[in-house]
Amino acid sequence: MERFEPKKFVSKKVQALRSYAKGRKILVAVSGGIDSLVCFEIARNASIKVQEQIIPLILDTGLLRQNEVKNTEEYFRKKYGIELQKWDVQDRFFSSLKGIISSEEKRNIFRDVFYRTMGQALRSYSAEILVQGTVLPDIIETQRGIRIHFNVLNEAGINPQNYGLTIFEPLKELTKNRVKMVAKTLSIPPKFLRLQPFPGPGFAIRITGEITHERVEKIRIATAIVESELSSPKIYQGFPVLLVDRVPGIHNDTVVTGDVIAIRIIETKDYLSARPYRIPWPKIEKITKRILNEVPGVVRVLYDVTPKPPGMIEFA
Ligand code: XMP
């Protein structure tokens, strides 16, 4: 197998984007994660007039992690002296997802609202190309019919032109490990390399059942707890999921009905298959205790020991 050389990869993609864009304005879809930061670096390097030609945009869907938008804005300000564009589109996402319980429908609706908004953004900035950080596992799973990832359009039979979009995806042929290698050569700070992978549709697929502001807030707090407790380099993805069930529990000596949170932590080579992480018992006890104490209304915490296959990594 050919040795992967991150520096060569970057200069190849920079060249490719430069000749594709031919001076046209580029919008980079930023999510706060490593894939989109690498995309921004590639776009930045492909351009002579970065300030005028490259627009980084984060959509605040209300489905992102605690402080993710704020931290990313600060990063752009500090590192590049660039104002990250932020669109608060929480209302349109929450109203479109209202009452939807099927995972597939959630993903389809998320995709539709996301790309309609991106089409609108492209027009409003007079940009012509959207750069986004789709990675290889997203494409493979979509092509194999395992799961249509929200950010995979062509391979899912959807023409980006339907949304008025021309899309450039520089990371399409990379595994997540290779994205990390590229990020290192681009001097993306280690704190981003250590971030837990977070799917594009965010908490929309970390909740089974209906998506409401209240339920999202619960999973947001639980996610911050789980992520702050995970440090082993063996853990490749770890997160909690808010389940649809409401079950009896005890609160102040009274029987109450509360929520169930499942914790999924996996080890994987390629995200196409995975096995449950054998988390030390004291650690899972600590996480459980914190979730029960700090997330309002949760009365039960479960640990998921399902491999992939048959279980997907995400629940929804
Ligand atoms: P699954 O659940 O398909 O997850 O076993 C495999 C990897 O892909 C991530 N994932 C997504 N990422 N959009 C994304 O950007 C999606 O729609 C999506 N669905 C799953 C998941 O977090 C895991 O890393």
Side-chain angles (χ1 to χ4, degrees), residues 28-39 58-59 61 63-65 68 93 97 100 102-115 118 130-158 167 169-172 174-180 192-208 211 219 223 226-227 230 234-243 262-277 304-316:
V28 182
V30 172
S31 67
I34 177 179
D35 305 344
S36 60
L37 291 182
V38 168
C39 283
I58 190 161
L59 295 187
T61 58
L63 299 162
L64 296 175
R65 287 175 285 197
E68 196 143 39
F93 276 91
L97 289 164
I100 306 298
S102 130
S103 309
E104 205 187 330
E105 246 184 291
K106 281 180 190 170
R107 284 164 179 275
N108 288 343
I109 291 171
F110 186 95
R111 171 198 296 123
D112 196 50
V113 178
F114 185 88
Y115 285 110
M118 280 301 178
L130 175 69
V131 173
Q132 67 168 13
T134 317
V135 291
L136 187 61
D138 303 347
I139 308 265
I140 294 178
E141 289 209 323
T142 303
Q143 279 172 337
R144 289 189 189 163
I146 296 172
R147 159 174 284 162
I148 299 173
H149 285 245
F150 99 96
N151 50 340
V152 176
L153 295 178
N154 283 315
E155 290 77 1
I158 300 165
I167 299 184
E169 296 165 304
L171 312 182
K172 236 175 158 168
L174 295 192
T175 59
K176 291 199 186 185
N177 285 341
R178 288 192 169 180
V179 175
K180 281 192 182 171
F192 287 105
L193 298 175
R194 284 196 299 267
L195 273 180
Q196 288 292 330
F198 192 65
F203 291 132
I205 58 171
R206 293 274 168 91
I207 287 177
T208 64
I211 294 159
I219 200 64
T223 302
V226 172
E227 292 192 352
L230 296 184
K234 278 215 187 104
I235 299 165
Y236 292 96
Q237 195 164 4
F239 55 88
V241 180
L242 180 63
L243 301 185
I263 297 171
R264 179 132 175 85
I265 306 177
I266 54 104
E267 289 181 74
T268 180
K269 283 200 174 69
D270 52 12
Y271 294 86
L272 297 171
S273 64
R275 60 171 186 220
Y277 177 61
D304 184 354
V305 290
T306 316
K308 173 183 178 177
M312 307 295 283
I313 293 175
E314 301 292 346
F315 265 54

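Numbering of residues begins at 1 and proceeds along the displayed sequence. Atoms within a ligand are numbered from 1 in the order they appear, just like the ligands themselves. The structure displayed is predicted, hence computed values, not measured ones.
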### Query
Of the non-hydrogen atoms in Ile235 and Gln196, which two are nearest, and what is the gap between them?
CG2-NE2, 4.3 Å
### Query
Among protein heavy atoms, which lies nearest atom 17 (O) of ligand 1, and at what distance?
Arg107 NH1, 2.8 Å
#### Entry: Numbering as shown, the atoms of ligand 1 that approach Lys176 to under 4.0 Å (heavy-atom distance)
24 (O)
#### Entry: Given Phe239, Phe315, Phe110, Phe198, the one that forms ring pair (Phe, Tyr, Trp, His ring centres under 6.0 Å) with Phe203
Phe198
#### Entry: For Tyr271, the ligand 1 atoms whose distance to one of its heavy atoms is below 4.0 Å
6 (C), 24 (O)
### Query
Should Arg264 and Thr306 be marked as a side-chain contact (heavy atoms from CB on, under 4.5 Å) after you check the CA-CA gap, both sets of side-chain angles, and the distance that decides it?
CA-CA 9 Å; Arg264 179 132 175 85; Thr306 316; 4.1 Å; yes
### Message
So if I count the atoms of ligand 1 from 1 in the order they appear, which ones are less than 4.0 Å from some heavy atom of His149?
### Response
3 (O), 8 (O), 10 (N), 11 (C), 12 (N), 13 (N), 16 (C), 17 (O), 18 (C), 19 (N), 20 (C)
### Task
Report the nearest protein non-hydrogen atom to atom 14 (C) of ligand 1: residue, atom name, distance rounded to 0.1 Å.
Gly200 N, 3.3 Å
### Query
For residues Glu104 and Ser102, is any side-chain donor paired with an opposing acceptor at under 3.5 Å?
no
### Residue, atom name and distance, where the atom is the protein heavy atom closest to atom 24 (O) of ligand 1
Gln237 OE1, 2.7 Å
#### Entry: Thr268 versus Ala274, closest heavy-atom pair with distance
CB-CB, 4.0 Å
### Query
Backbone, side chain, both or neither: what part of Pro201 comes under 4.0 angstrom of ligand 1, heavy atoms only?
side chain
### Task
State the atoms of ligand 1, each with its element, that fall below the 4.0 Å cut-off from a heavy-atom position in Ile313.
1 (P), 2 (O), 4 (O), 5 (O), 6 (C)
### Pro137 near ligand 1 by a heavy-atom separation under 4.0 Å
no
### side chain to side chain donor-acceptor pair (under 3.5 Å) between Thr175 and Asn177, intermediate numbers included
CA-CA 5 Å; Thr175 59; Asn177 285 341; 5.4 Å; no
### Query
Aromatic rings Tyr236 and Tyr271: how do their planes relate, parallel, tilted or perpendicular, breaks at 30° and 60°?
perpendicular
### Query
So which protein heavy atom does atom 2 (O) of ligand 1 come closest to, and at what separation?
Arg147 NH1, 2.5 Å
### Closest non-hydrogen atom pair between Leu153 and Arg111, with its separation
CD2-CD, 3.7 Å
### Task
Give the atoms of ligand 1, by number and element, whose distance to some non-hydrogen atom of Lys308 is under 4.0 Å.
1 (P), 3 (O), 5 (O), 6 (C)
### Task
In plain terms, say whether Glu314 and Arg107 are close enough for a salt bridge, that is, a side-chain N and a carboxylate O under 4.0 Å apart.
no
#### Entry: Element-labelled atoms of ligand 1 that are located less than 4.0 Å from some non-hydrogen atom of Glu141
1 (P), 3 (O)
#### Entry: Protein contact to atom 21 (C) of ligand 1 [nearest heavy atom, distance to 0.1 Å]
Glu314 OE2, 3.4 Å
